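First comes the structure, then the notes that go with it.
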Amino acid sequence: LKEHPFQEEAVVYLSELYLATERGDAAVTLLKEAAERPDVGARVMLQLGAVYTRTKKSAEAARTYDDAVKRFPDNAEVYVRRAQHTGYKDLDASIADYRKALEIDPDNRASLNNLAALYIGRSQFKDARELLLRYRKNNPMASSGAFNLASVYLSLGQYKEAAAIYTE
C-alpha cells in the first residue's frame with residue numbers, strides 16, 4: 001500500500017487481517033477511505049459491506065450494498081450480496097436482486113441456488129426446479145444445489161428423480 005495506495009486486493013486483505021486481530025474499526029476506516037475514491041472497484045465495496053455485517057452493523061451494510069448497486073449496476077455480485085444481506089427480511093427485494101444478477105450473469109451460482117431456495121420457501125417448486133437444473137448443469141459436483149433439487153423433486157412428487165440424486 002505504500003507503493004500503491006488503495007490497491008484493491010491489498011486493501012481487502014489488510015481489512016481481513018485487521019478483523020482477524022480484532023481491529024474492526026481499522027478495517028472499516030481503511031475500506032471507507034478506499035470506497036470514497038472515484039476509481040474504487042466493486043470488491044472494496046463488497047468487502048466493506050461484509051465487514052459491516054460481521055461487526056453487527058446491519059444498517060451500514062445495507063447502505064453500502066445500496067451504494068454498490070448504484071455505482072456498479074452491471075456487476076452481478078453486488079446484487080447477489082445485497083440479496084444475501086436482505087434475505088428473508090424482504091423476500092420481494094431479495095428475489096428482485098437475484099433476478100437482476102441472473103440477467104447480468106445467467107449462470108451465477110449463488111443467484112441460481114439462493115433464488116431457488118426462496119422459491120422453495122414460497123412453494124414455487126417448478127420455478128425452483130428450473131433454476132436448480134441450470135445450477136446442476138453448470139456445477140454438477142455442488143452438493144447444495146443437488147440437495148435442493150432433490151427436495152424440489154420430493155415436493156413435486158417426482159420420487160424417482162429425488163432418489164437418483166440421493167443415490168448419486
Side-chain angles (χ1 to χ4, degrees), residues 1-122 127-128 131-132 134-145 147-148:
L1 287 174
K2 286 181 183 178
E3 285 187 35
H4 304 284
F6 300 105
Q7 195 272 345
E8 190 168 282
E9 189 171 14
V11 167
V12 169
Y13 287 139
L14 183 56
S15 72
E16 284 295 327
L17 288 170
Y18 283 149
L19 286 172
T21 56
E22 298 181 19
R23 294 182 285 171
D25 290 341
V28 168
T29 299
L30 174 67
L31 290 164
K32 280 177 68 173
E33 286 177 17
E36 290 171 0
R37 296 177 56 86
D39 59 342
V40 69
R43 187 171 178 200
V44 168
M45 299 291 298
L46 295 176
Q47 179 71 7
L48 179 58
V51 168
Y52 278 138
T53 299
R54 289 161 62 184
T55 57
K56 310 285 190 242
K57 296 177 182 172
S58 183
E60 290 89 340
R63 282 192 293 275
T64 301
Y65 292 129
D66 288 344
D67 189 31
V69 164
K70 288 177 190 163
R71 292 171 79 174
F72 305 99
D74 296 327
N75 184 312
E77 192 62 26
V78 298
Y79 293 98
V80 169
R81 292 285 192 88
R82 186 168 72 173
Q84 289 171 331
H85 180 74
T86 303
Y88 288 97
K89 293 177 282 193
D90 186 344
L91 281 178
D92 291 333
S94 295
I95 288 170
D97 277 344
Y98 284 129
R99 286 179 178 163
K100 181 63 178 176
L102 288 172
E103 284 177 27
I104 297 166
D105 177 6
D107 295 325
N108 184 281
R109 280 179 73 153
S111 294
L112 290 169
N113 195 44
N114 295 354
L115 180 55
L118 295 180
Y119 284 160
I120 291 167
R122 286 190 162 179
D127 294 328
L131 293 171
L132 291 167
R134 282 176 37 204
Y135 179 90
R136 289 226 45 216
K137 179 181 176 189
N138 296 324
N139 309 287
M141 301 305 290
S143 60
S144 63
F147 285 115
N148 285 342

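Predicted, not measured: the structure shown is a model, and the values here were computed from it. Nothing fancy with the numbering, it's 1 onward along the sequence.
Looking only at side-chain heavy atoms (C-beta outward), Y79 and S111 stay at 4.5 Å or farther from each other. No side-chain heavy atom of V11 sits less than 4.5 Å from a side-chain heavy atom of E33. In this structure, the side chains of N108 and E77 come closer than 4.5 Å at one or more pairs of heavy atoms. In this structure, L102 and L131 have side chains that are in contact, with non-hydrogen atoms separated by less than 4.5 Å. At a threshold of 4.5 Å between non-hydrogen side-chain atoms, the residues L46 and Y65 count as touching. Side-chain atoms of R82 and V78, non-hydrogen and from C-beta on, never get closer than 4.5 Å to each other.
In terms of heavy atoms, A101 sits closest to V80 at CB-CG2, 3.7 Å. A110 and Q84 get closest at one heavy-atom pair: CB-NE2, 4.1 Å. Of all heavy-atom pairs spanning S15 and V12, the tightest one is OG-O, 2.6 Å. Contact record, A83 with S94: O-OG, 3.4 Å, taken as the closest heavy-atom pair. Between A35 and M45, the closest heavy-atom pair is CB-SD, 3.5 Å. Counting all heavy atoms, side chain and backbone alike, A142 lies closest to R109 at CB-NH2, 3.4 Å.
Pairs of residues two or more places apart, or lying in two chains, never qualify as ring-ring contact (aromatic ring centres under 6.0 Å, His included) while including a residue from residues 10-60.
When the shell of 6.0 Å around CG of D39 is examined, it contains more than 12 heavy atoms from other residues, nucleotides or ligands. By the neighbour-count criterion of 12 heavy atoms within 6.0 Å, atom NZ of K70 is sparsely surrounded, having that number or fewer from other residues, nucleotides or ligands.
Within the model, atoms CG of N75 and CG of D105 stand 9.5 Å from one another, a figure rounded to the nearest 0.5 Å. To the nearest 0.5 Å, atoms CG (L48) and OG1 (T64) are separated by 4.0 Å. To the nearest 0.5 Å, the span separating CG on N113 from CG on L132 amounts to 6.0 Å. Here the CG atom belonging to L31 is positioned 11.0 Å from the CZ atom belonging to R43, to the nearest 0.5 angstrom. With rounding to the nearest 0.5 angstrom, the CG atom of N148 is 11.0 Å from the CZ atom of R136. Atom-to-atom distance recorded for D127:CG and L115:CG is 8.5 Å, nearest 0.5 angstrom.
Between S58 and H85, the side chains place a donor N or O and an acceptor N or O closer than 3.5 Å (distance only, hydrogens not considered). Side-chain atoms of Y98 and N114 include a donor-acceptor pair closer than 3.5 Å.
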Is there a salt bridge (Lys or Arg N to Asp or Glu O under 4.0 Å) between R134 and D107? Walk through the geometry before answering.
CA-CA 7 Å; R134 282 176 37 204; D107 295 325; 5.0 Å; no
Would you sort out whether R71 and V40 count as a side chain to side chain contact (heavy atoms under 4.5 Å, CB included), showing the intermediate values?
CA-CA 10 Å; R71 292 171 79 174; V40 69; 2.8 Å; yes
Does the salt bridge (Lys or Arg N to Asp or Glu O under 4.0 Å) test come out yes or no for R122 and D92, once each step is laid out?
CA-CA 11 Å; R122 286 190 162 179; D92 291 333; 2.6 Å; yes
Show the numbers, then the answer: is there a salt bridge (Lys or Arg N to Asp or Glu O under 4.0 Å) between R54 and E16?
CA-CA 11 Å; R54 289 161 62 184; E16 284 295 327; 2.8 Å; yes
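Panel note: side chain N139, backbone Y135; a donor-acceptor pair is recorded below 3.5 Å.
D74 meets the salt bridge (Lys or Arg N to Asp or Glu O under 4.0 Å) test with no other residue; sequence neighbours excluded.
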